[in-house]
S.K.: 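One structure follows; several queries about it will come next.
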Amino acid sequence: MNEPLSGPVFILDHPSHGGNVGAALRAITNMGFEHLRLVRPRFFPHPDVEAWAAGTAARIPTIQVFDSLDAATADLNHLVAVTRRGRGQRHQVMSPRELGVRLDPKQQLASSRVGILFGTERTGLETADVERCHWICTIPTHGEKGSLNLSQAVMLVAYELMLGQGLGEVPVHDPQRDDALASQDEMVRFFDHLQDVLMQIDFIQPDRYKQMMGTLKALFNRAALDRREITILRGILTEVIHHCARKISALQR
């Protein structure tokens with residue numbers, strides 16, 4: 001009995017552009033998947049495959065090539081056709097997002113050997129190819145025009161499957177959580193510095209500064225400044241005064 005594959009198999013039936021093969025390999029690799037199969041590709045191997053695979057070109061030798069769709073799917077027991085050709089077929093049709101949920105590793109189907117089938121660039125999948133599949137996956141698009149580039153379709157499906165399997169990490173940086181915020185003492189010193197400079201350049205007047213400073217304090221407090229930012233701002237304030245002093249000195253010569 002075959003052991004379950006680690007993730008679904010992406011199958012390109014008669015791909016006609018080497019670049020799409022390379023881009024598809026790059027897409028599934030970046031989304032955490034391993035298996036790409038080709039059925040009678042027009043150009044493979046080809047320089048375009050390596051060029052479009054970019055940083056994943058080292059995985060080109062893992063691509064499997066078959067003479068027929070029968071051979072490419074013989075060891076699989078659940079097939080999904082990626083197509084808009086759903087009319088007249090008695091298939092369950094779902095979006096890539098719904099497919100990602102269905103193929104969640106926690107579901108029973110995860111123990112199956114699953115293939116995701118894509119047709120050739122010009123005509124897509126033939127009716128006979130769709131008929132051999134268990135489900136149809138259709139990528140939603142705006143309006144009547146729904147044709148996508150082959151590698152784009154692979155990327156969209158692979159992305160949704162990745163999310164469905166709980167994979168993928170966004171390099172999130174939250175300044176208010178990850179950086180050391182300025183202390184209250186540092187903020188008070190900054191506001192005193194700011195007020196002094198604004199008075200020196202006559203932006204605010206000694207008898208009418210409270211409302212303006214209140215507005216500025218609210219503005220900078222909303223920004224939740226960190227210590228580095230406070231240092232930069234105080235450096236700017238210091239340089240404003242030095243610049244004014246240099247200008248006055250130059251005029252007095």
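Because only heavy atoms are used, hydrogens play no part in the values below, and waters and symmetry mates are left out as well, while side chains stay in.
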S.K.: Report yes or no: does Thr73 contribute a side-chain atom to a donor-acceptor pair with the main-chain N or O of Leu76 at less than 3.5 Å?
M.R.: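 Pair absent, no side-chain N/O of Thr73 close to backbone of Leu76.
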S.K.: Can you tell me if CZ on Arg40 sees more than 12 non-hydrogen neighbours from other groups inside 6.0 Å?
M.R.: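 No.
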S.K.: For Arg113 and His78, what are the C-alpha separation, side-chain angles and deciding distance, and is it a side chain to side chain contact (heavy atoms under 4.5 Å, CB included)?
M.R.: CA-CA 6 Å; Arg113 297 167 67 87; His78 198 91; over 6 Å; no
S.K.: Rounded at 0.5 Å granularity, tell me how far NE2 in His35 sits from OG1 in Thr29.
M.R.: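 It comes to 11.0 Å.
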S.K.: For Met199, look at atom CE and say whether over 12 heavy atoms of other residues, nucleotides or ligands are found less than 6.0 Å away.
M.R.: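 Yes, CE of Met199 has more than 12 neighbouring heavy atoms, counting only those of other groups under 6.0 Å.
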S.K.: Side chains of residues 190-197: which donor-acceptor partners sit under 3.5 Å, not counting sequence neighbours?
M.R.:
unit_1, atom_1, unit_2, atom_2, d
His193, ND1, Arg234, NE, 3.0
His193, ND1, Arg234, NH2, 3.4
Asp196, OD2, Gln200, NE2, 2.7

S.K.: So, Asp75 and Arg37, do they make that salt bridge, N to O below 4.0 Å?
M.R.: yes
S.K.: Taking all atoms of both residues into account, what is the closest heavy-atom pair of Arg59 and Phe33, and its distance?
M.R.: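 Smallest heavy-atom distance, with atoms named: NH1-O, 4.2 Å.
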S.K.: Is there a side-chain contact between Leu161 and Pro96 (heavy atoms, below 4.5 Å)?
M.R.: no
S.K.: Report yes or no: do Phe66 and Val114 belong to one cluster of Ile/Leu/Val/Met/Phe/Trp/Tyr joined by side chain heavy-atom distances under 4.5 Å?
M.R.: no
S.K.: Atom CG of Leu12 and atom OG1 of Thr120: how far apart are they, to the nearest 0.5 Å?
M.R.: 9.5 Å
S.K.: Check whether any side-chain heavy atom of His14 sits under 4.5 Å from a side-chain heavy atom of Arg42, and report yes or no.
M.R.: no
S.K.: Could you tabulate the donor-acceptor pairs under 3.5 Å formed by side-chain atoms of residues 19-26, not counting sequence neighbours?
M.R.:
unit_1, atom_1, unit_2, atom_2, d
Asn20, OD1, Asn149, ND2, 3.2
Asn20, OD1, Ser151, OG, 3.4
Asn20, ND2, Glu121, OE2, 2.9

S.K.: If you compare all heavy atoms of Asp226 against all heavy atoms of Ala180, which two are closest, and at what distance to 0.1 Å?
M.R.: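 The pair with the smallest heavy-atom distance is CB-O, 3.2 Å.
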S.K.: Under 3.5 Å, which donor-acceptor pairs do the side chains of residues 50-58 form with other protein atoms, sequence neighbours left out?
M.R.:
unit_1, atom_1, unit_2, atom_2, d
Thr56, OG1, Ala53, O, 2.7

S.K.: Let me confirm one number: the CZ-CD1 distance from Arg84 to Ile136, rounded to the nearest 0.5 Å.
M.R.: 12.0 Å
S.K.: Please examine the side chains of Ser95 and Thr138, heavy atoms only from C-beta on, and report whether any two atoms are closer than 4.5 Å.
M.R.: no
S.K.: Could you check whether any side-chain heavy atom of Cys137 comes within less than 4.5 Å of a side-chain heavy atom of Ile116, counting everything from C-beta outward?
M.R.: no
S.K.: Check this for me: Tyr159, atom OH, are more than 12 non-hydrogen atoms of other residues, nucleotides or ligands nearer than 6.0 Å?
M.R.: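 Counting neighbours around OH of Tyr159, 12 or fewer heavy atoms of other residues, nucleotides or ligands fall under 6.0 Å, so no.
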S.K.: Tell me, which pairs form a salt bridge (Lys or Arg N to Asp or Glu O under 4.0 Å) where one or both residues lie in residues 64-73, sequence neighbours left out?
M.R.: Asp70-Arg132
S.K.: Can you measure from CG (Leu36) to CD1 (Ile11) and round to the nearest 0.5 angstrom?
M.R.: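 That separation rounds to 9.5 Å.
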S.K.: If hydrophobic clusters are built from ILVMFWY residues whose side chains come within less than 4.5 Å, do Tyr209 and Leu219 share one?
M.R.: yes
S.K.: For residues 147-162, which residue pairs pass the salt bridge (Lys or Arg N to Asp or Glu O under 4.0 Å) check, not counting sequence neighbours?
M.R.: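 Checked against salt bridge (Lys or Arg N to Asp or Glu O under 4.0 Å) - neighbours excluded - the pairs reaching residues 147-162 are Arg97-Glu160.
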S.K.: If you group Ile, Leu, Val, Met, Phe, Trp and Tyr by side-chain heavy-atom gaps below 4.5 Å, do Ile60 and Phe43 land in one group?
M.R.: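 Unlinked, Ile60 and Phe43 end up in two clusters.
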S.K.: Under a single-linkage definition using a 4.5 Å side-chain heavy-atom cutoff for Ile, Leu, Val, Met, Phe, Trp and Tyr, are Ile230 and Val188 assigned to the same hydrophobic cluster?
M.R.: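 No: no chain of side-chain contacts under 4.5 Å links Ile230 to Val188.
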S.K.: Between atom CZ of Arg122 and atom NE2 of His17, what is the distance when rounded to the nearest 0.5 Å?
M.R.: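 Reported to 0.5 Å precision, the distance equals 15.5 Å.
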S.K.: At their closest point, which heavy atom of Gly119 faces which heavy atom of Leu150, and how far apart are they?
M.R.: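 Closest approach of Gly119 to Leu150: O-CD1, 3.7 Å.
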S.K.: Apply side chain to side chain contact (heavy atoms under 4.5 Å, CB included) to Lys217 and Arg222, showing your working.
M.R.: CA-CA 9 Å; Lys217 287 179 181 180; Arg222 284 199 304 271; over 6 Å; no
S.K.: Are Leu225 and Leu181 joined in one hydrophobic group, where the rule is that I, L, V, M, F, W and Y side chains link up if heavy atoms are under 4.5 Å apart?
M.R.: no
S.K.: Name all pairs fulfilling the side-chain hydrogen bond (donor to acceptor under 3.5 Å, both in side chains) condition that reach into residues 241-250, sequence neighbours left out, sorted by first residue then second.
M.R.: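 Qualifying pairs, neighbours excluded: Glu239-Arg246.
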S.K.: Using the rule side chain to side chain contact (heavy atoms under 4.5 Å, CB included), only one of Val80, Val157, Leu125, Val39 pairs with Phe118; which is it?
M.R.: Val157
S.K.: Enter the distance from Leu237:CG to Leu198:CG here, rounded to the nearest 0.5 Å.
M.R.: 7.5 Å
